[in-house]
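First the proteins, then the strands, lettered A, B, ... as listed; each starts at 1.
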Amino acid sequence: MSKLNKEIADIFFKMADALEIIGENQFKIIAYRKAARVISDIPEDLRKIYKEGKLKDIPGIGEGISKKIQEYIETGSIKKAEEVFSKIPEGIIPLLSVPSLGPRTIAVAYQKLGVKNLKDLKKVLKDGSLAKLPGMGQKKVDNIIKGIELWQKGKERFLLGEIYPVVEDIIQELRGHKKIMDAVPAGSYRRMKETVGDVDILVATKETKKAIDVFCSLKGVERVLAQGETKGSCIFEGDIQVDLRALPPESFGSALQYFTGSKAHNVHLRGIAKQKGLKISEYGVFKKDKKIAGETEEEVYKSIGLIWIPPEMREDTGEIELALEGKLPDLVDYDDLKGDLHVHSKYSDGSATLEELAIQGRKMGYEYIAVCDHSQGAKYAGGLDLDELKKKMDEIKKVNAKRTGCYLIMGAEVDILPDGSLDYPDEILKEIDFVVASVHTGFKKDNTERILKALENPYVHGLSHPTGRLLGQREGYTLDIEAVIDKVVQENKLIELNAYYERLDLYDVYLRRAKEKGAKFYIGTDAHHTGQLWMIKLGIGMARRGWLEKKDVINTMGYKQVLKFLKSQK
DNA sequence: GCCGTTTTCGGCCCGACTGTTTTCAGTCG
């Protein structure tokens with residue numbers, strides 16, 4: 001997302017929050033949130049769209065908001081927004097995310113008790129003054145106090161890759177139980193979002209209470225928070241909260257659809273249902289009082305005239321319109337990949353030998369793994385000098401000749417130097433079967449020119465972790481991503497979808513953009529030991545979020561075909 | 001504030017639960 005888009009989206013998000021506290025019309029608030037979300041999802045700079053006079057073509061942006069965008073582009077601020085923000089203190093807006101505390105209560109606390117921030121709020125909770133106000137009471141106050149504790153403890157979301165193995169284990173265990181007919185994770189986890197708040201799992205069962213009891217006594221459970229008839233909630237190792245909902249099979253599909261979200265996707269679906277005189281809830285699709293669907297997700301979608309939409313696409317960014325026409329993309333699937341195209345070995349900073357990688361690759365059902373170790377300048381990561389490079393080439397030939405594992409492809413992750421040249425001379429690059437280039441230094445500067453130049457090198461196949469982001473640690477480096485994508489396409493190069501759990505780079509918004517522009521992709525885990533190769537699943541999830549199809553991802557080719565393809569690129 | 005095969009005005013997504021009440025407002029997912 002461009003810097004401008006982010007600034008404007010942030011203002012609209014904040015406006016929605018502020019208007020909520022002020023008590024503005026609910027639908028106006030929804031409109032601002034929708035506009036903010038849509039803007040966050042647009043890869044092109046709003047300035048460009050504005051100049052083309054096409055702001056109002058963006059769904060969710062009409063007369064009022066387009067004028068405000070124009071005002072921001074021309075003057076750097078929005079009068080209406082400043083006016084709204086001046087009405088309420090800065091410190092109370094974040095309080096909206098405290099569980100059990102909503103905009104109405106915040107407004108009352110501000111107006112009647114002068115609460116301006118978290119500190120003030122804690123005071124009026126403690127001294128009993130909030131409890132005395134009409135409509136309030138001790139129980140409400142207690143819940144808010146608990147809410148604040150929860151909020152302060154668990155502000156950050158988990159990275160998908162941190163919780164993925166834990167959740168997969170839970171799912172396997174639940175599925176193994178005879179009273180449980182099916183167990184499926186829902187929510188942002190199922191949509192494969194790169195960060196996840198808490199995890200919702202749904203089970204289909206005729207004995208809901210029993211299923212909840214099974215869940216609450218799983219081996220990984222550290223603490224049981226709630227254990228009722230249809231819902232259970234536990235803290236698992238690593239402070240991961242998992243909620244379980246047990247449902248009868250006849251409403252499993254509608255519940256799964258409902259709890260998978262996203263919220264925006266569901267709101268849109270309900271609008272369509274309503275137009276048709278139908279009603280969707282977690283219990284099913286209803287025509288008047290008659291239930292017409294609910295057992296499977298497929299029939300829920302079908303009942304309102306859509307084909308089933310893969311969970312990773314359910315963000316209301318155009319997938320519903322396509323599903324109405326029956327024209328969804330045929331997404332790359334979790335078992336489509338024939339190999340991993342970015343792995344490190346002991347030669348640089350990985351821990352596995354070449355043979356170990358080959359053997360593990362075969363176990364995973366791969367035809368090949370590309371071993372892309374660091375280049376000579378990357379001293380911090382044990383980059384290979386020219387002698388080591390030669391040695392590695394020989395060893396790869398030997399391992400491949402033995403056929404004990406999958407094939408290894410001789411690769412290198414070559415540093416892009418500050419001037420845009422590469423960290424091996426061309427006559428060496430020429431000998432390497434798969435050359436990916438990446439930036440590992442100089443994050444503060446604008447890296448566009450440097451990357452564009454590197455992409456002109458005839459021996460480079462692809463660009464690795466293009467934005468350089470590290471989730472929860474740093475934003476990507478400054479980069480004109482549109483220019484980079486254009487260059488990749490123009491030079492017939494590949495873009496990496498780096499599946500390492502902290503990277504997931506490129507990510508959904510830009511993947512879609514790059515696909516639209518005709519780019520091709522490879523997926524690599526950037527694994528540094530064999531225990532990280534499973535992360536390919538995170539990469540495929542992200543690919544699906546970016547609407548990539550099998551034909552867009554070269555890892556779907558077999559060994560010979562992929563080698564041929566790489567040769568054809570030079 | 002957005003939007004349009006019942007509409008340029010009058011709609012805009014649904015149900016459960018909780019806590020405060022005695023018919024409902026607020027919060028959540």
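Closest-nucleotide positions on DNA chain B for Lys80(A) and Val267(A) were compared, and the one nearer the 5' end corresponds to Lys80(A). The residue among Val98(A) and Ile61(A) whose nearest nucleotide of DNA chain B is located toward the 5' end is Ile61(A).
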Identify all pairs in which a protein N or O lies below 3.5 Å from an N or O of nucleotides 17-22 of chain B, and state each distance.
residue: dG19(B); atom: OP1; partner: Asn143(A); partner atom: ND2; Å: 3.2
residue: dT20(B); atom: OP1; partner: Gly137(A); partner atom: N; Å: 3.1
residue: dT20(B); atom: OP1; partner: Gly137(A); partner atom: O; Å: 3.4
residue: dT20(B); atom: OP1; partner: Gln138(A); partner atom: N; Å: 3.4

Show me the protein contacts with nucleotides 8-11 of chain B, counting only N or O atoms at under 3.5 Å.
none

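Note that the CZ atom of Arg190(A) and the CG atom of Leu202(A) stand 9.0 Å from one another [nearest 0.5 Å].
Which of dG29(B), dC2(B), dG26(B) sits closest to the side chain of Asp200(A) comes down to dG29(B). Comparing dG1(B), dG29(B), dG26(B) by their closest approach to the side chain of Tyr258(A) singles out dG29(B).
For Tyr283(A) against dG15(B), no side-chain N or O and base N or O form a donor-acceptor pair under 3.5 Å.
Residue contacts for Gln26(A): at a heavy-atom cut-off of 4.0 Å it reaches no nucleic acid atom on any strand shown. Contact annotation for Phe27(A): base contact, defined as any heavy-atom pair under 4.0 Å involving a base atom. Within the nucleic acid shown, Lys67(A) has no heavy atom closer than 4.0 Å to any nucleic acid atom. At the heavy-atom level, Leu269(A) lies nowhere under 4.0 Å from the strands shown. Across all strands shown, Arg245(A) has heavy atoms under 4.0 Å from sugar-phosphate atoms exclusively, and none from any base.
Relative to the ring axis of Phe85(A), Lys14(A) places its NZ or CZ within 45° and under 6.0 Å from the centre.
Between dT27(B) and dT20(B), the distance separating the two C1' atoms is 13 Å to the nearest Å. Rounded to a whole angstrom, the distance from the P atom of dT21(B) to that of dG26(B) is 13 Å.
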Dump the intermediate steps for salt bridge (Lys or Arg N to Asp or Glu O under 4.0 Å) on Asp10(A) and Lys6(A), then the final yes or no. CA-CA 6 Å; Asp10(A) 285 349; Lys6(A) 183 167 166 23; 3.1 Å; yes
